[in-house]
Amino acid sequence: MGLRLGLLSTARINEQLVGGARLVDEVDVVAVASRDLSRASEQAAALGVERALGSYEELLEDPDVDAVYISLPNSMHVEWSIRALEAGKHVLCEKPLARSVEPVERAFDAASAAGRVLAEGFMWRHHPQADRLVELLPRVGELRVVRAQFSFALDADTLGAAGNIRLSGELEGGALMDVGCYCVSAARLVAGDPVAVTGQQVTGGAGVDVRFTGTLSFPGDVLGHFDCGVDTADRSELEVVGSEGALLLSDPFHAAEPVIDVWPADGSPERVEVERDNPYACELRDFAAAVAGERTPRLGREDAMGQARTIAALYESAASGARVTG
Ligand SMILES: NC(=O)c1ccc[n+]([C@@H]2O[C@H](COP(=O)([O-])OP(=O)(O)OC[C@H]3O[C@@H](n4cnc5c(N)ncnc54)[C@H](OP(=O)(O)O)[C@@H]3O)[C@@H](O)[C@H]2O)c1
């Protein structure tokens, strides 16, 4: 038996996570908990999970569960991460952990106090494509610009209402929280933490950003820009441009077709094929290794703090119209 993982909620994303877990010997998904037992039972049957529980509390009290996967709406991530850590569980919490720094600090303080692992679930960072991207960075020469895009279109009937967690202000939805955070994660992987940002948003749903564009200034005069949306046609792309060439990823975040095009300043592009893997399986292998004490999780406190700091600054800029530094 591997790490015994419980799912906290019956979110749609659980299906992907469980699909990844089936490929990982070190992890067994043993339970799913819902506010409503019938929903938990239905998902347990659909995903082949052994046990269904009728409350989140029961999952945290379950001695046969070592770790929990938190797939709740964004506004509940930190509260339930802390509750799980205090109950002695390791926590893999879906992205984004929070939209400001202070709750992230509290969550990691709780992890330290409990001696348990806490990781933020940016699965794309665990796929071999992200490692290959970092390895190829020297090919662009001196880094100049990072550009990222991630958008998709929610059902038109859902837009304008809060039927989807992504459109609820109360649940901390929004395009930046949902998909823009991947663009931020990608820019930070390549260029480090920004020193200044600007943001612009279009508001919809129940008071959330349905589209967001941002600019990021990094040390060394490196610039970044991104856009994201939940009311815009499907696309995701990442481009890293330097003094001598560029790298282009046309499926950076799901990595279903993992290839990196290397564009030298002179000459024809070279296509670098990357091994296929399931990003959720990659994420779970990292999490299980961290729980086993073999290494620290790839995405620990420092990364989560950088994410939250940048997202908070982007929202502050979008609200005030001013460039936010520091
Ligand atoms: N890494 C990825 O690839 C990826 C992809 C998609 C989503 N995500 C993240 O995963 C999380 C879940 O997203 P999702 O689209 O899968 O969510 P979802 O299908 O809308 O499910 C959210 C779940 O949260 C529970 N919940 C508790 N309080 C709720 C409330 N007030 N309103 C609505 N649901 C509530 C519900 O479970 P019960 O009713 O059973 O308690 C519900 O099934 C988000 O943080 C999102 O950013 C990550």
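Scope of the values below: all heavy atoms of this structure, side chains included, with no hydrogens, waters or symmetry mates. Start at 1 and go down the list; that is how both ligands and their atoms are numbered.
Under 4.0 Å is where a charged nitrogen must lie from a carboxylate oxygen, and between Arg39 and Glu42 no such pair does. Salt bridge Lys89/Asp66: absent, no basic N to carboxylate O contact under 4.0 Å.
Judged by the 6.0 Å distance and 45° axis criteria, Arg235 is not positioned over the aromatic ring of Phe150.
Protein residues are said to neighbour a ligand when one of their heavy atoms lies under 4.0 Å from it; for ligand 1 these are Ser9, Thr10, Ala11, Arg12, Ile13, Ser34, Arg35, Arg39, Tyr56, Ser71, Leu72, Pro73, Asn74, Met76, His77, Glu94, Lys95, Gly121, Met123, Ile165, Arg166, Leu171, Asp178, Tyr182, Tyr280.
Partner of Asp303 under the salt bridge (Lys or Arg N to Asp or Glu O under 4.0 Å) criterion, out of Lys95, Arg125, Arg298: Arg125 alone. Looking at Leu248, Val145, Asp261, Leu249 one by one, the single match for side chain to side chain contact (heavy atoms under 4.5 Å, CB included) with Glu239 turns out to be Leu248.
Partners of Ser71 according to the side chain to side chain donor-acceptor pair (under 3.5 Å) rule, which considers only residues two or more places apart in sequence or in another chain, are Ser9, Asn14.
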